[in-house]
Every structure is written in structure tokens, then in C-alpha cells.
Amino acid sequence: MEKFVIIGGKKLSGEVEISGAKNSVLALMPATLLASGTYKIYNTPDLRDVKTMSQVLIEIGVNVNFENHILTINTENVSKYEAPYELVKKMRASIYVLGPLVGRFGYAKVSLPGGCAWGPRPVDLHIEGIKKLGAEVELDSGYIVARAKKLHGAKIHFDKPSVGATGNVMMASVLAKGITLIENAAKEPEIVQLGEFLISMGAKITGLGTDTIEIEGVDELKPADVTTIPDRIEAGTFLIAGAITGGKVKIKKCNPKHFEAVLLKLEDAGCYLNVGDDFVEIEAPDEIKPVDVTTAVYPGFPTDMQAQWIALMSIANGTSVVTETIFYDRFKHVPELVRLGADIEVNENVAIVRGVRKLKGAKVMSTDLRASASLILAGLVAEGKTEVLRIYHIDRGYERIEEKLQRLGAQIWREKTDEY
Ligand code: UD1
């Protein structure tokens with residue numbers, strides 16, 4: 001096991017490059033199952049989740065090679081249409097192989113992901129969508145087993161705009177016979193990139209980035225290369241690192257249009273921003289103002305930034321209210337932030353954050369990816385030494401975060417530990 005040790009109190013300054021988006025590459029990788037051949041995915045982040053998705057693809061018979069942030073994928077020898085529990089339980093996004101496998105090969109057996117650290121997170125919308133396209137789906141010993149001779153187009157209306165279900169249905173329907181309409185579709189940039197990648201492979205898709213996506217099935221797709229978009233959540237996390245430490249940080253190689261909601265909230269908190277086409281400079285004010293946030297689907301404030309926002313608000317000059325509307329019980333970071341001296345109360349899906357003058361270093365435990373990020377942020381400003389345990393969570397979605405933070409002047413390092 002490893003932990004992070006952080007000595008708080010350093011104002012961060014300097015520049016940092018943002019890596020490719022985890023949630024984009026995790027959708028692009030399974031999309032390669034839709035056509036036989038070789039693909040290159042450029043700007044692939046070096047993350048544990050990318051390794052897990054690679055293992056899922058390797059199980060299916062795909063050849064995967066990762067070098068210099070280029071992922072080379074060869075799908076000529078796909079031989080098995082299954083994603084086992086051992087891999088799916090590590091990473092829910094493994095369910096993304098369901099759509100392309102049943103769409104192209106007419107069969108998929110994918111483990112149910114089960115719960116996660118912040119609640120049950122169902123997959124009913126994925127299953128309903130695939131069924132509407134004509135697949136027979138049964139649940140067997142913890143597995144989703146989907147069969148179809150040939151999928152056909154259908155009108156699918158999601159009760160909720162789900163990122164994963166939109167991606168899965170889009171991948172299932174590109175080879176189906178006829179037209180598929182996805183209503184109340186997800187509009188996240190990662191879904192738009194997935195759709196554009198499928199179009200570059202020969203798919204016919206319109207309406208990306210809107211509520212309604214239309215897909216006209218084609219007979220065959222061909223491989224294509226793609227460059228992963230920058231990670232908007234990593235970008236937001238580093239901006240908050242600048243803000244929370246009272247520093248001045250420039251994030252580069254990002255797409256500020258993808259995190260406008262976060263930028264607006266940072267301005268409301270009193271931060272000075274200079275926004276370019278592919279960079280943002282942030283300068284922290286003397287005092288962070290309290291700002292309420294309600295998470296929402298894109299282009300709203302992302303749930304994946306909620307934990308980091310609570311960390312920032314925990315040292316604001318006043319009380320703020322943070323409402324979580326996507327995953328109601330995603331507050332596992334709160335008790336750990338309280339251990340660092342934060343004053344936060346959670347009632348159902350609402351956190352009331354009363355800003356304190358100082359946080360104080362302590363031992364804390366990561367429970368999930370974004371919770372870990374919030375603990376690191378709090379540790380950067382806390383007085384004295386903070387130790388963050390179970391950091392394998394952070395390696396799922398941030399590429400060598402401690403090295404990037406060190407380059408900005410943070411005192412943070414990784415240590416081996418027996419503590420769990
Ligand atoms: C994706 C992101 C995750 C992000 C989330 C919301 C990836 C790999 N992960 O997760 O980082 O936090 O979007 O932006 O891209 N739901 C159902 N039934 C379903 C599917 C979802 O009820 O079958 C609900 C969920 O419980 C949640 C809401 O829909 O309340 C949105 O979840 P969804 O967009 O599907 O999240 P993921 O795709 O799992």
C-alpha cells in the first residue's frame with residue numbers, strides 16, 4: 001500500500017499540463033471493438049483505470065500497447081465476448097463493452113458492476129436501452145447476458161440523462177438496422193467525443209451535444225485514430241489547488257469551454273481568472289468567498305468536482321450550501337475533511353459548509369477517486385502534516401498527481417505503508 005504525505009501551507013505557483021480525459025478514453029477504448037483493425041488513441045492518460053480497461057479488452061482477445069501516451073489497439077483477434085466480475089468490480093466503466101459486443105457480435109456477457117463507495121449506481125438504463133434495440137437480456141449469476149441476431153433501431157427515452165447508458169446505446173446502435181433516437185441523452189464532452197470518434201469510423205450520428213441523438217445504422221465501420229480531449233475534472237482540481245493555497249497557477253493544454261460552470265463559481269469565490277483558448281490562469285484572492293453549488297448534468301457544475309469544491313469552501317469566509325443531485329449520497333469525503341478541522345454538516349443530499357480559518361493536518365483515508373482529490377487539496381492548505389491513506393483511488397483518475405503538484409511547489413510525496 002502507498003500513502004501521500006503532505007506538508008501544508010505552501011502557496012502553489014507555476015504551470016501544469018492537463019492530461020487526457022479519463023472518462024473520454026474509457027469510452028473510446030471499447031468503441032474499438034466495433035471494427036476489426038488497428039487504432040491509435042493519442043493523449044491517453046497513464047491511469048490505473050486505463051490499465052483496467054486494457055485488461056478488459058485483452059480478456060476479449062484485443063491486443064493493447066501503451067507507450068508515450070499513445071495507446072495502440074488491435075482488434076483483429078477478438079474471440080471472447082465477456083467481461084469478468086474480477087475486472088468489472090474494479091471499474092464500473094467496464095460495462096461499456098456491453099454495447100459494442102452485442103452490437104457487432106450479437107452476444108455479450110458482462111458482470112453487473114455492483115455497488116460503489118457512494119451508493120448502488122444502477123445499470124437499468126443501459127439494459128433497457130439494449131433491450132429496446134432488440135437484444136434479449138437475462139441476468140444470470142451476477143452477469144448481464146445479452147443476445148441478438150441483429151439489433152434494430154428504436155426510439156429510446158432515458159428517464160435520466162446517463163453518460164454511461166448514452167454511450168453504451170450509441171455504441172450498440174451504430175451497426176443496428178435502421179434509425180435509433182436517444183432522447184434525454186447525455187451531453188457531456190466525453191459523449192460528444194465518443195460520437196465524433198464513431199463518425200470518423202463511418203457511423204452516421206447527428207445531434208451530439210444536444211438532448212436528442214439520432215443514429216442511422218451502417219453495415220460496417222472501419223478503424224480510425226483519435227486524440228483524447230483534455231480532462232476537465234483534472235483541470236478544475238488544479239484550479240482549486242491554486243485557489244485553496246492562495247497561489248497563482250496556470251493550467252495548460254485544457255479546454256476551458258468544457259468547465260465554464262466551474263470557472264464561474266471560482267470567479268464568484270473571488271478568484272481572478274485569465275481564460276485563453278487552451279489555458280486558464282488563476283490567482284487566489286486574500287479570502288475565499290462562500291459560494292453555493294448544485295451539481296447538475298453538463299453543462300452544469302459536475303458531480304465529479306463536488307468533493308473538491310467542498311474542500312475549497314471549508315476554508316471560505318462564511319457558510320455555503322453544496323447540493324448533490326446526481327449521486328445523492330456522494331459525501332464520503334465529508335467525515336475525512338472534518339478530521340482535518342472542517343465544519344461540515346450533511347443532511348440527505350445537502351452539505352452545509354461553514355468555513356473555518358484553518359485546517360489542521362491529520363491522517364485521513366481516501367474512499368473514492370474524487371474524495372481523494374478533495375483530501376489532497378485540504379492537505380495542501382492544512383497546517384502541519386497530512387497523511388492520505390489508500391491512494392490507489394487517486395491513481396485511477398489522476399496521472400501522477402503528486403509530481404504535478406510538486407512542480408507547483410507543493411510538499412507532497414508518496415510513501416510505502418502497511419496501514420490500510
Ligand atoms: C459517468 C462518469 C462519472 C460521473 C458520472 C456523472 C465515466 C466513466 N464516469 O458515470 O465520473 O460522475 O458520469 O457525470 O464516464 N443511473 C441510473 N441507471 C442507469 C445509469 C445511471 O439510474 O442505468 C443514474 C445514476 O445513478 C446517476 C445518474 O443516472 O444518478 C447519472 O449517472 P451516469 O451519468 O450514468 O454516470 P456514469 O456513466 O456511471
Side-chain angles (χ1 to χ4, degrees), residues 20-31 45 47-50 52-53 56 88 90-99 110 112-132 137 139 144 146 156-172 182 184-195 211 228-229 231-234 236-237 258-259 261-262 294-309 323-333 349 368-374 393-394 396-398:
K22 168 180 92 74
N23 287 351
S24 215
V25 79
L26 291 181
L28 297 172
M29 291 171 73
L47 302 174
R48 216 160 60 94
D49 272 6
V50 170
T52 306
M53 186 59 90
V56 171
V88 182
K90 278 194 197 171
M91 187 187 69
R92 291 177 48 83
S94 312
I95 197 175
Y96 265 143
V97 299
L98 178 67
V110 179
L112 279 165
C116 77
W118 71 82
R121 290 181 80 179
V123 289
D124 54 318
L125 299 175
H126 299 243
I127 294 174
E128 286 311 311
I130 306 283
K131 274 187 181 169
K132 280 253 166 84
V137 181
L139 298 181
I144 306 164
I156 295 162
H157 182 93
F158 287 133
D159 288 343
K160 284 183 187 176
S162 153
V163 173
T166 302
N168 236 336
V169 167
M170 215 155 67
M171 288 190 276
I182 309 177
N184 206 15
K187 294 183 279 204
E188 271 66 6
E190 295 77 19
I191 289 296
V192 173
Q193 168 151 67
L194 171 65
D211 292 327
T228 312
I229 57 170
D231 196 307
R232 60 197 167 99
I233 307 301
E234 190 196 18
T237 303
H258 289 169
F259 47 93
V262 174
T294 299
T295 63
V297 295
Y298 188 83
F301 191 94
T303 171
D304 285 350
M305 284 298 299
Q306 178 257 100
Q308 301 89 313
W309 191 259
T323 308
E324 174 58 63
T325 70
I326 309 290
F327 299 110
Y328 270 46
D329 40 7
R330 191 178 193 177
F331 286 113
K332 288 282 190 298
H333 40 288
N349 66 325
D368 63 72
L369 171 57
R370 306 304 170 186
S372 322
S374 80
H393 291 292
I394 201 108
R396 285 189 47 201
Y398 290 86

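Whatever order the structure lists ligands and atoms in, that order sets their numbers, starting from 1.
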Hey, does [X] sit under 4.0 Å from ligand 1 if you only count heavy atoms?
X      : answer
Met305 : no
Pro122 : yes
Glu190 : no

Are the charged groups of Arg232 and Glu190 less than 4.0 angstrom apart, N to O?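 Yes, Arg232 and Glu190 are salt-bridged.
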Can a salt bridge be assigned to the pair Asp304 and Arg330 using a cut-off of 4.0 Å between side-chain N and carboxylate O?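 A salt bridge links Asp304 with Arg330.
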Where ligand 1 meets [X] - atom numbers and elements under 4.0 angstrom, heavy-atom basis:
X      : value
Gly164 : 35 (O), 38 (O)
Val163 : 1 (C), 13 (O), 15 (O), 33 (P), 34 (O), 35 (O), 38 (O)
Ile326 : 27 (C), 30 (O), 31 (C)
Arg330 : 12 (O)

Polar-atom distance check: [X] versus ligand 1, any N or O pair below 3.5 Å?
X      : answer
Tyr96  : no
Ala165 : no
Asp124 : yes
Thr303 : no
Ala93  : no

Please work out, at 4.0 Å between heavy atoms, whether the side chain, the backbone, both, or neither of Asp304 comes within that distance of ligand 1.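 It is the side chain that touches ligand 1; the backbone stays farther off.
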Glu128, portion touching ligand 1 at heavy-atom distance under 4.0 Å: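 The answer is neither.
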Compare [options] and give the one whose heavy atom is closest to [atom].
atom                    : options                       : result
atom 2 (C) of ligand 1  : Asp159, Asn23, Ile191, Leu369 : Asn23
atom 32 (O) of ligand 1 : Phe158, Phe327, Tyr298        : Phe327
atom 28 (C) of ligand 1 : Lys160, Arg92, Met91, Lys22   : Lys160

Kindly compute the distance separating [atom1] ([X]) from [atom2] ([Y]), expressed to the nearest 0.5 Å.
X      : Y      : atom1 : atom2 : result
Met29  : Thr228 : CE    : OG1   : 9.5 Å
Thr303 : Trp309 : OG1   : CH2   : 15.0 Å
Leu98  : Ile130 : CG    : CD1   : 4.5 Å
Ile127 : Leu112 : CD1   : CG    : 6.0 Å

Looking at residues at least two apart in the chain, or sitting in another chain, which of them share a salt bridge (Lys or Arg N to Asp or Glu O under 4.0 Å) with Arg48?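 Not a single residue meets the salt bridge (Lys or Arg N to Asp or Glu O under 4.0 Å) criterion with Arg48.
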Of all residues at least two apart in sequence or in a different chain, which pass the ring-ring contact (aromatic ring centres under 6.0 Å, His included) check with Phe259?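 Not a single residue meets the ring-ring contact (aromatic ring centres under 6.0 Å, His included) criterion with Phe259.
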Under the side-chain hydrogen bond (donor to acceptor under 3.5 Å, both in side chains) criterion, do Ser24 and Gln193 qualify, and how do the steps go? CA-CA 7 Å; Ser24 215; Gln193 168 151 67; 2.7 Å; yes
Checking side-chain hydrogen bond (donor to acceptor under 3.5 Å, both in side chains) between Tyr398 and each of Arg370, His393, Glu234, Lys22, which is the one that passes?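 Among Arg370, His393, Glu234, Lys22, the one that satisfies the side-chain hydrogen bond (donor to acceptor under 3.5 Å, both in side chains) with Tyr398 is Arg370.
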